[in-house]
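Every chain is numbered from 1, with letters handed out A, B, ... down the list of sequences. Because the structure is predicted, anything quoted here is derived from the model rather than measured. Reckoned from all heavy atoms, side chains included, excluding hydrogens, waters and symmetry mates.
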Amino acid sequence: MSFIQSLIDGILIGGVYGIIATGLSLVFGVLGLVNFAHAEFLMVGMYVAWFAWHYLGLDPILAAPLSFAVVFLLGYAVQRHLLDRVMKASPTAQIFLTVGLLIVLENAALVIFGSGFRSVNVPYQVESFRLAGLFVSAPYLYAFGATLVVNLALWLFLERSWIGRGIRAVAQDPMAAILSGVDSKRTYRIAFGLGVGLTAFGGGVILPYITVSPTVGGQFVVLMFTVVVLGGLGSILGALAGGLAVGIIQSFSALFFPISLQNLVLFIIFIGVLAFRPQGLLKGA
Amino acid sequence: MYALKASKLNIIAGILATFLLVCIHPAFGADNEVTIGIVQPLSGPNAQFGINAMHGSELVAETINAQGGIKSLGGARIKLVVADVPTPNTAAAATQRLISQNKVVGIVGTFVSSTTLGVSEVTERAGVPIVTFAFADQITERGYRYVFQVSPKGTAFGQAQLKYAIELGKAGGEAIDKIAILYEDTAYGTAQAKGLREAAVEAGIKVVVDEAYPLGITDVSSLVNKVRTSEAKIVFPVSYLNDSLLIIRTMRQQQMDIPVIGGAAGYIIPDFRKGLGDLAQNVLSVASSNHDLYPDLASRFKDKYGSFMTHEALMHAASLAVLAKAVEKAGSKDPEKVRDALASTDDCDGFARCVPGGCVRFNEAGLNTRAFPIMVQWQGEEPVTVYPKEVARAAAVWHAKSGR
């Protein structure tokens with residue numbers, strides 16, 4: 001029984017890890033850029049949703065698209081004014097810039113929002129659905145549902161729209177894409193905005209069960225990179241699979257080991273994957 | 001356009017004025033000031049607690065200054081120098097700076113046990129007294145001469161958390177035989193959990209869940225699953241804010257309504273109520289002090305800073321007051337003499353009322369032997385002291401079913 005319960009919890013949590021990490025994977029896959037500041041955009045998304053809840057009375061899950069929109073614009077501007085300059089520079093310069101961005105965003109949030117924790121207050125936060133002795137947490141389920149919808153939308157966008165095709169083309173071969181008339185700079189900006197926006201969307205949907213503070217990014221950054229590498233860097237479906245895997249591993253490890261070891265178990269499996277399948281679980285499969 | 005320029009001018013004028021104030025101020029009273037160092041985390045995840053604590057000390061310093069300062073030093077004013085120490089590894093450098101550059105007579109802070117351990121190593125070497133509220137057991141167990149702790153030890157909090165709960169349960173007609181302990185794996189959580197565990201063994205109570213979890217945990221459903229299937233009668237979580245909200249909400253999701261008895265920290269701050277709303281109602285927690293023990297000071301605090309005076313604010317108010325009194329008694333700015341005056345503190349009036357029992361007297365190790373933990377319960381908008389009887393302001397509501 002507790003086995004199935006853990007599986008349910010793991011899948012629901014993992015789906016959300018998936019959407020948060022998909023953004024990071026997209027940025028890496030298209031721009032070839034390791035964005036260390038990525039988790040900070042999650043924090044910004046959480047604040048946007050919190051303010052929408054506090055001042056407009058919007059449910060955080062419904063406010064998540066707003067988080068996406070705001071952070072998309074922010075990401076577009078960051079790419080346009082900052083990252084564009086280092087796209088052809090050495091990886092060291094890129095790392096310095098994104099780490100600097102991380103520090104600036106975190107401390108700007110401290111100055112603007114203060115260091116306090118902010119939490120939303122919605123009725124379904126303490127509800128769950130009962131299925132034959134099993135509990136399905138309502139906030140987890142809603143968050144999971146929202147991420148499924150967004151994943152589907154993302155897939156349709158990348159497969160069907162011209163911009164989406166452009167993004168995929170640039171990811172495959174930037175030079176060939178430019179020769180075929182794709183505006184690569186604009187594509188980079190959209191892809192970066194989309195990447196951080198998706199993560200911000202994830203920030204909105206987790207707000208019913210996670211408290212936001214300026215340092216919340218730190219709780220997710222390592223997890224995010226683990227998910228992406230586990231799934232295969234740059235692979236969007238891989239990020240989703242990686243997210244589910246991490247959620248389930250964490251949940252199961254708590255069945256057999258003390259919970260303080262849940263990340264130890266995760267990283268042992270992670271190292272194993274790196275050793276035997278360095279390309280990730282799904283990539284090239 | 002004009003409006004914009006005017007406002008810019010205002011800002012510049014403001015900055016200049018601030019500069020002038022800063023420049024002029026020390027020149028006025030440099031001879032007649034007593035400099036005291038405040039070490040608190042004012043940024044980072046613990047900042048909210050650090051700011052509360054700093055406000056507590058500030059309020060006391062202002063009051064003493066308004067009443068004529070340190071009289072034995074010709075009415076010297078207390079000047080606080082604040083150092084932001086967000087993490088333990090920044091503690092040593094900040095403390096060194098306070099001692100060598102600001103020439104502080106003593107240091108007050110902090111509630112973060114691991115940071116205080118670092119700070120007190122530096123003060124011990126330099127021979128400067130530190131008055132702290134942190135309560136990990138090691139703080140006063142290292143044989144240090146210059147450490148003074150106004151609160152009881154961490155294990156004492158753990159023991160009280162359990163002992164008070166048993167007595168409250170008995171009064172509410174419930175015998176407690178199985179309990180669950182959940183704690184974050186920091187110096188504070190570990191020390192308090194140890195106290196809980198020992199007290200449980202002593203009382204013959206079975207600990208059916210005993211789990212540490214990492215600070216910054218984002219999902220506690222597996223933890224709560226364990227508690228639910230263990231049939232524990234009470235949960236004792238020792239945690240800061242985010243995890244405390246997670247634990248309570250997840251318990252309600254799984255339709256558990258057994259009493260929750262928090263281990264101070266996250267359970268007794270305004271944000272707990274803000275985050276949980278009515279679910280906070282009737283949640284119990286152990287605490288080092290509570291605002292209703294000293295209503296005059298607490299209402300001044302509330303008027304000034306906007307929220308009720310938290311226990312870390314009260315205890316750091318007491319810490320600063322004890323240090324200021326020692327300076328008064330020593331009649332000197334020499335840290336060594338202040339230390340000796342601190343060691344002979346036996347004070348039962350004034351700001352000592354911030355501490356439950358209302359008295360401060362340090363033993364050989366620097367531990368305040370007169371202080372004891374209390375139990376508070378969320379009743380309405382604020383926590384109310386409900387145990388022990390001699391300090392209780394209201395009766396405890398057992399059969400908690402918090403928020404239901």
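I259(A) and E211(B) make their closest contact through N-OE1, 2.9 Å (heavy atoms, listed as atom of the first residue, atom of the second, distance). In plain terms, the two heavy atoms of N121(A) and L276(B) that are nearest each other are ND2-C, 3.8 Å. Y209(A) approaches L246(B) most closely through the heavy-atom pair O-CD2, 3.1 Å. Closest of all the heavy-atom pairs between P208(A) and R249(B) is O-NH1, 3.7 Å.
Contacts between residues 127-150 of chain A and chain B, counted as heavy-atom pairs separated by less than 4.5 Å, involve E127(A), S128(A), R130(A), F135(A), S137(A), P139(A), Y140(A).
Contact of N242(B) with chain A is made through backbone and side chain together, with heavy-atom distances under 4.5 Å. Residue I210(A) touches chain B through both its backbone and its side chain, counting heavy-atom pairs closer than 4.5 Å. Looking at P258(A), the atoms closer than 4.5 Å to chain B (heavy atoms on both sides) sit in the backbone and in the side chain alike.
Without hydrogens or angle criteria, Q253(B) side chain to Q125(A) main chain gives a donor-acceptor distance under 3.5 Å.
Between D9(A) and N225(B) there is a side-chain heavy-atom pair separated by less than 4.5 Å.
Within the structure, the side-chain hydrogen bond (donor to acceptor under 3.5 Å, both in side chains) test picks out the following pairs touching residues 47-58 of chain B (sequence neighbours left out): N52(B)-E312(B), E58(B)-Y305(B). Each side-chain hydrogen bond (donor to acceptor under 3.5 Å, both in side chains) pair with one or both residues in residues 246-259 of chain A, not counting sequence neighbours, appears once here: Y17(A)-Q250(A), Q250(A)-N263(A).
Summarising the local packing, CD of E198(B) is surrounded by more than 12 heavy atoms from other residues, nucleotides or ligands at distances under 6.0 Å. Within 6.0 Å of the CZ atom in F267(A), the count of heavy atoms belonging to other residues, nucleotides or ligands exceeds 12. The number of heavy atoms from other shown groups lying within 6.0 Å of NZ (K206(B)) does not exceed 12.
Per-residue heavy-atom pair counts under 4.5 Å with chain B were compared for I13(A), I206(A), L223(A), V216(A), and the maximum is reached by I13(A). The candidate with the highest count of non-hydrogen atom pairs below 4.5 Å against chain A, out of M251(B), R228(B), K274(B), is R228(B). Interface summary for chain A: among V220(B), D185(B), D219(B), the most heavy-atom pairs under 4.5 angstrom belong to D219(B). Between chain A and the options S221(B), G277(B), S222(B), heavy-atom pairs under 4.5 Å are most frequent for S221(B).
F117(A) CZ to L241(B) CG: the interatomic distance, rounded to the nearest 0.5 Å, is 5.5 Å.
The side-chain contact (heavy atoms from CB on, under 4.5 Å) check on V99(A) picks up F36(A), I95(A), I103(A), with sequence neighbours excluded.
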